[in-house]
Number of protein chains: 2
Amino acid sequence: MRLTTKGRYAVTAMLDLALHEGKGPISLADISERQGISLSYLEQLFAKLRRNELVRSVRGPGGGYQLNREPAGINVAEVIDAVNESVDATGCKHTGNCQGGEVCLTHHLWCDLSTQIHGFLSDITLASLVARRDVKDVAERQDRRQLNNMIVGSDTRPAEAGEAVV
Amino acid sequence: MRLTTKGRYAVTAMLDLALHEGKGPISLADISERQGISLSYLEQLFAKLRRNELVRSVRGPGGGYQLNREPAGINVAEVIDAVNESVDATGCKHTGNCQGGEVCLTHHLWCDLSTQIHGFLSDITLASLVARRDVKDVAERQDRRQLNNMIVGSDTRPAEAGEAVV
DNA sequence: GCAATACCCGACTAAATCAATCAACTATTA
DNA sequence: TAATAGTTGATTGATTTAGTCGGGTATTGC
């Protein structure tokens with residue numbers, strides 16, 4: 001099992017889409033700026049999200065991405081699955097041939113853990129995240145900063161990873 | 001967060017010790033044979049388990065490792081921690097500076113997930129695993145096979161990873 | 001119709017981690 | 001004192017991560 005930036009970025013980007021629903025397509029450049037994720041990397045992730053029919057794309061000027069379903073119908077577990085980060089904690093992918101064709105001593109433990117994690121994450125939808133106080137606060141801060149950057153003018157580069165921001 | 005063979009092997013090896021408690025020190029060679037884990041790799045893992053005072057070692061002929069506490073007092077979470085596989089799902093190690101000094105959009109979600117997983121794993125002790133039916137079954141099979149290999153004689157190498165076993 | 005926008009796609013890469021292997025060394029005990 | 005068994009450090013091939021780079025192609029406002 002692994003949960004790295006790949007899965008975290010995917011969920012963050014999907015949540016960004018959910019937060020800006022109803023404002024037409026959202027460009028990856030916007031998400032990149034707001035969330036501080038490399039644009040090229042986002043393109044890779046959205047290719048997978050699109051193949052899994054979690055988002056749909058609109059090409060051309062003014063284009064971008066939109067959720068393909070309502071936020072209440074998309075849960076965190078399937079977003080992570082879509083970018084190939086399995087939530088499976090077993091080493092044998094549930095086949096049970098961990099030790100020369102038979103199950104290993106701890107096989108059932110990892111199965112239980114997988115069930116636990118998957119259950120937890122699939123109960124959380126984008127809609128439920130949007131409703132959370134802490135998410136709202138961070139989103140407002142990000143929108144404010146993005147607006148600020150636009151007014152300041154040419155300095156529209158996204159804030160860098162380690163960079164201190166006002 | 002990551003859970004790979006490192007953490008799984010560590011838990012498996014500790015459970016093997018718990019299953020053979022009271023039979024004096026258990027050598028890593030024995031564990032290697034029963035569990036199909038490379039001896040050299042076990043040495044690395046047990047160096048960390050010893051530094052974390054989860055096991056104690058006895059040197060010399062007839063030596064090996066023993067649990068440093070009773071099985072009911074050792075939980076799975078601390079074993080995984082001991083081999084440097086954190087159960088933390090955040091990217092910022094709970095510091096909260098995921099995005100230029102501030103928390104990112106999904107920080108609290110990953111905190112919740114971490115709490116969930118840690119809670120689940122720290123409720124499972126070696127003693128509770130030893131008592132499980134499925135663990136007992138696998139352990140018996142492993143002991144039987146090891147005995148068999150000893151009788152057959154010179155062929156005492158551990159069963160290889162992909163090898164089909166009778 | 002054409003230039004700008006924005007998605008689409010594939011190849012490539014530096015760094016990190018995994019899962020070991022190898023060799024040498026030290027302590028203990030039969 | 002020789003065999004056993006734990007201890008430590010260096011090294012390694014394979015894989016994955018977290019991107020970058022460079023070229024496409026579709027669409028639309030002017």
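So you know, we letter chains A, B, ... as the sequences are listed, proteins then strands, and number each from 1. We use all heavy atoms of the structure for the numbers below, so side chains are in, but hydrogens, waters and symmetry mates are not. None of the values given here were measured: they were computed from a predicted structure.
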query: Which residues within residues 57-65 of chain A lie with some heavy atom under 4.0 Å of an atom in DNA chain C?
result: A/S57, A/V58, A/R59, A/G60, A/P61, A/G62, A/G63, A/G64, A/Y65
- request: Flag yes if A/V130 and A/V79 sit in one hydrophobic cluster, no otherwise; membership is Ile, Leu, Val, Met, Phe, Trp, Tyr, and two members link when side-chain heavy atoms are under 4.5 Å apart.
  value: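 Linked within one cluster.
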State whether [X] and [Y] are salt-bridged, where the test is any N-O pair (Lys NZ or Arg NE/NH1/NH2 against Asp/Glu carboxylate O) under 4.0 Å.
X: B/E43; Y: B/K48; answer: no
X: A/D137; Y: A/R133; answer: yes
X: B/D88; Y: B/K93; answer: no

Starting from [atom2] on [N], measure out to [atom1] on [X] and report it in whole angstrom.
X: B/L3; N: D/dT16; atom1: CG; atom2: C1'; value: 16 Å
X: B/I80; N: C/dC18; atom1: CD1; atom2: P; value: 13 Å
X: B/L49; N: D/dG6; atom1: CG; atom2: P; value: 13 Å
X: A/I26; N: C/dC7; atom1: CD1; atom2: C1'; value: 15 Å
X: A/L17; N: C/dC7; atom1: CG; atom2: C1'; value: 14 Å
X: B/R56; N: D/dT7; atom1: CZ; atom2: C1'; value: 19 Å
X: A/L42; N: C/dA6; atom1: CG; atom2: P; value: 14 Å
X: B/F46; N: D/dT7; atom1: CZ; atom2: C1'; value: 14 Å

- request: May I ask you to evaluate whether A/R2 reaches the phosphate of D/dT17, defined as a side-chain N or O under 4.0 Å from OP1 or OP2?
  value: yes
message: On the nucleotide D/dG6, are OP1 or OP2 found under 4.0 Å from the side-chain N or O atoms that B/R50 carries?
response: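 Indeed not, no polar side-chain atom of B/R50 lies that close.
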Do [X] and [Y] meet the criterion of a side-chain donor-acceptor pair at a distance under 3.5 Å?
X: B/D143; Y: B/H20; value: yes
X: A/T106; Y: A/W110; value: yes
X: A/R34; Y: A/Q142; value: no

query: Only one of B/L67, B/V55, B/T125, B/N68 forms a side-chain contact (heavy atoms from CB on, under 4.5 Å) with B/I74, so which one is it?
result: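 Going through B/L67, B/V55, B/T125, B/N68 one by one, the side-chain contact (heavy atoms from CB on, under 4.5 Å) with B/I74 is satisfied by B/L67 alone.
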Listed once per pair and sorted, the ring pair (Phe, Tyr, Trp, His ring centres under 6.0 Å) pairs that draw on residues 50-95 of chain A, sequence neighbours left out: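 Applying ring pair (Phe, Tyr, Trp, His ring centres under 6.0 Å) to every pair that reaches into residues 50-95 of chain A, excluding sequence neighbours, yields A/F46-A/Y65.
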Any N/O pairs under 3.5 Å between the protein and nucleotides 18-21 of chain D? List them or say none.
residue : atom : partner : partner atom : Å
D/dA18  : OP1  : A/T5    : OG1          : 3.2
D/dA18  : OP2  : A/T4    : OG1          : 3.0
D/dA18  : OP2  : A/T5    : N            : 3.4
D/dA18  : OP2  : A/T5    : OG1          : 2.7
D/dA18  : OP2  : A/K6    : N            : 3.4
D/dA18  : O5'  : A/T5    : OG1          : 3.1
D/dG19  : OP2  : A/Y9    : OH           : 3.1
D/dG19  : N7   : A/Q44   : NE2          : 3.1
D/dG19  : O6   : A/Q44   : NE2          : 3.4
D/dT20  : OP2  : A/S38   : OG           : 2.7
D/dT20  : O4   : A/Q44   : NE2          : 3.1

